[in-house]
Colleague: 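Below: one structure in structure tokens.
Index from 1, following the sequence.
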Amino acid sequence: MDSTVTTYYHCISRCVRRAFLCGEGCEHRKQWIEDRQPLEASEDWVSACLKDAKWVGETRQRLNSLGWFMKCLKEPLARMANKEDGCKGTFFEGRYKSIAILDEEALLTTLAYVDLNLVAAGLAKTAEESAHTSVKARVDHCREQGTLDEVVNQPTDRTKHDEGLEDQAFWLVPIADRRPQFSVGSVQFSDSMQRESDGGGVSTANAARSAQVS
């Protein structure tokens, strides 16, 4: 992973025989991923490790390796799934796919695609109701903080002074589509859709919209 190019990657790994890790009655396994917790590290343990130059060098390489990250993510999941299924052997295919996300537009498009997966599959009516997604996590956070209505009802003409509320609520995008709208005949467009129709390329909005129907 070259952090000078990008620090964001969309990683995909298939199960063997095209099985489903979290589907077909195994939806509860999604919680396994959310329940991953970092190991506790005492100051004495850290101090002892830092004295080992070989360990430090190896650990730095691993922290910069997508392959190592995927191994650490998939191995315990595979063990738990095999134990639950009463079987042994490989659970994931050997190779995974990683897609570099090079700019903010691509990042938002990817996150929208992920958050809309359950909607596209017909398992949720709205993104805010999709369990185990960042959208639902942000909505739940706002509810806990008592700021959900305030976030939803922000004026469309807000200034930079008003953006702090969304930052505090961990929003990447508001719940509602607040992009400037205009009409051509009976069809409504957003600015980004207009750029696409003018030959400006595929927009984030269109990519997210396509994800809903793909």
Side-chain angles (χ1 to χ4, degrees), residues 1-23 26-27 29-39 41 49 55-82 90-121 123-124 127-128 130-141 166-167 169-174 192 195-196 200-214:
M1 186 179 77
D2 188 351
S3 59
T4 63
V5 177
T6 180
T7 56
Y8 300 105
Y9 291 84
H10 184 197
C11 296
I12 304 167
S13 187
R14 293 185 181 277
C15 299
V16 293
R17 299 179 301 279
R18 296 298 177 93
F20 291 99
L21 168 65
C22 304
C26 298
E27 292 83 1
R29 292 177 178 174
K30 293 180 180 180
Q31 193 62 44
W32 293 355
I33 302 174
E34 288 193 28
D35 290 340
R36 293 182 68 204
Q37 296 294 329
L39 296 176
C49 289
W55 180 90
V56 171
E58 185 179 73
T59 300
R60 282 178 173 167
Q61 286 186 335
R62 289 177 174 178
L63 288 173
N64 204 42
S65 168
L66 285 177
W68 186 260
F69 168 78
M70 293 299 288
K71 172 189 177 297
C72 293
L73 174 67
K74 296 194 297 182
E75 186 175 335
L77 292 174
R79 292 181 184 275
M80 294 170 70
N82 280 346
T90 303
F91 187 81
F92 289 98
E93 291 184 356
R95 293 183 177 274
Y96 68 94
K97 181 186 294 185
S98 63
I99 304 168
I101 301 174
L102 300 178
D103 54 39
E104 290 187 354
E105 183 177 17
L107 177 61
L108 288 173
T109 300
T110 302
L111 295 176
Y113 168 79
V114 172
D115 274 348
L116 291 173
N117 265 340
L118 291 181
V119 177
L123 300 177
E128 298 95 300
S130 301
H132 308 289
T133 62
S134 59
V135 169
K136 189 175 188 303
R138 293 194 297 273
V139 170
D140 290 345
H141 173 80
E166 290 182 4
D167 293 338
F170 305 119
W171 288 101
L172 290 175
V173 292
S192 56
R195 287 196 299 272
E196 179 188 348
V202 179
S203 66
T204 304
N206 187 59
R209 186 172 65 253
S210 298
Q212 285 185 285
V213 298
S214 64

Colleague: Got more than 12 heavy atoms from elsewhere within 6.0 Å of NZ, K30?
Modeller: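 Yes, because the 6.0 Å sphere around NZ of K30 holds more than 12 heavy atoms from other groups.
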Colleague: Please list all pairs meeting side-chain hydrogen bond (donor to acceptor under 3.5 Å, both in side chains) that have one or both residues in residues 64-79, counting only residues at least two apart or in different chains.
Modeller: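 side-chain hydrogen bond (donor to acceptor under 3.5 Å, both in side chains) check on residues 64-79 returns S13-K74, K71-E75, E75-R79.
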Colleague: Does I99 form a side chain to side chain contact (heavy atoms under 4.5 Å, CB included) with I12? I'd like the steps, not just the answer.
Modeller: CA-CA 8 Å; I99 304 168; I12 304 167; 4.2 Å; yes
Colleague: Check whether more than 12 heavy atoms from other residues, nucleotides or ligands sit under 6.0 Å from atom CZ of R36, and answer yes or no.
Modeller: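 It does: R36 CZ has more than 12 such atoms within range.
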Colleague: The test is side chain to side chain contact (heavy atoms under 4.5 Å, CB included); show your working for D115 and R138 and say whether it passes.
Modeller: CA-CA 12 Å; D115 274 348; R138 293 194 297 273; 4.1 Å; yes
Colleague: Heavy-atom distance under 4.5 Å between the side chains of I101 and H10, does that happen here?
Modeller: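 Result yes, sub-4.5 Å side-chain heavy-atom pair found.
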Colleague: Around atom CZ of R14, are there more than 12 heavy atoms of other residues, nucleotides or ligands at under 6.0 Å?
Modeller: no
Colleague: Give, for atom CG of L63 and atom CD of E58, the distance between the pair rounded to the nearest 0.5 Å.
Modeller: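 Going from CG on L63 over to CD on E58, the span is 11.0 Å.
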Colleague: On a heavy-atom basis, which atom in L66 and which in C11 lie closest, and how many Å separate them?
Modeller: CD2-SG, 4.2 Å
Colleague: Is F92 close to M70 at the side-chain level, that is, under 4.5 Å between some pair of heavy atoms?
Modeller: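 They are not in contact (no side-chain heavy atoms under 4.5 Å apart), so the answer is no.
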Colleague: Would you call L77 and W32 a side-chain contact if the rule is heavy atoms closer than 4.5 Å?
Modeller: yes
Colleague: For a side chain to side chain contact (heavy atoms under 4.5 Å, CB included) check, start with the C-alpha distance between V119 and S130, then their side-chain angles and the critical distance, and finish with the verdict.
Modeller: CA-CA 7 Å; V119 177; S130 301; 3.8 Å; yes
Colleague: Could you state the interatomic distance from SG (C15) to CD (E93), rounded to the nearest 0.5 Å?
Modeller: 8.5 Å
Colleague: Taking atom OH as the centre, does Y96 end up with more than 12 heavy-atom neighbours from other residues, nucleotides or ligands that are less than 6.0 angstrom away?
Modeller: yes
Colleague: Under the side-chain hydrogen bond (donor to acceptor under 3.5 Å, both in side chains) rule, collect the residues that match up with E34, sequence neighbours excluded.
Modeller: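 For E34, the residues satisfying side-chain hydrogen bond (donor to acceptor under 3.5 Å, both in side chains) (neighbours in sequence not counted) are H132.
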Colleague: What verdict does the side chain to side chain contact (heavy atoms under 4.5 Å, CB included) test give for S134 and L111, after you've listed the backbone C-alpha separation in whole Å, the side-chain angles of each residue and the deciding distance to 0.1 Å?
Modeller: CA-CA 8 Å; S134 59; L111 295 176; 5.6 Å; no
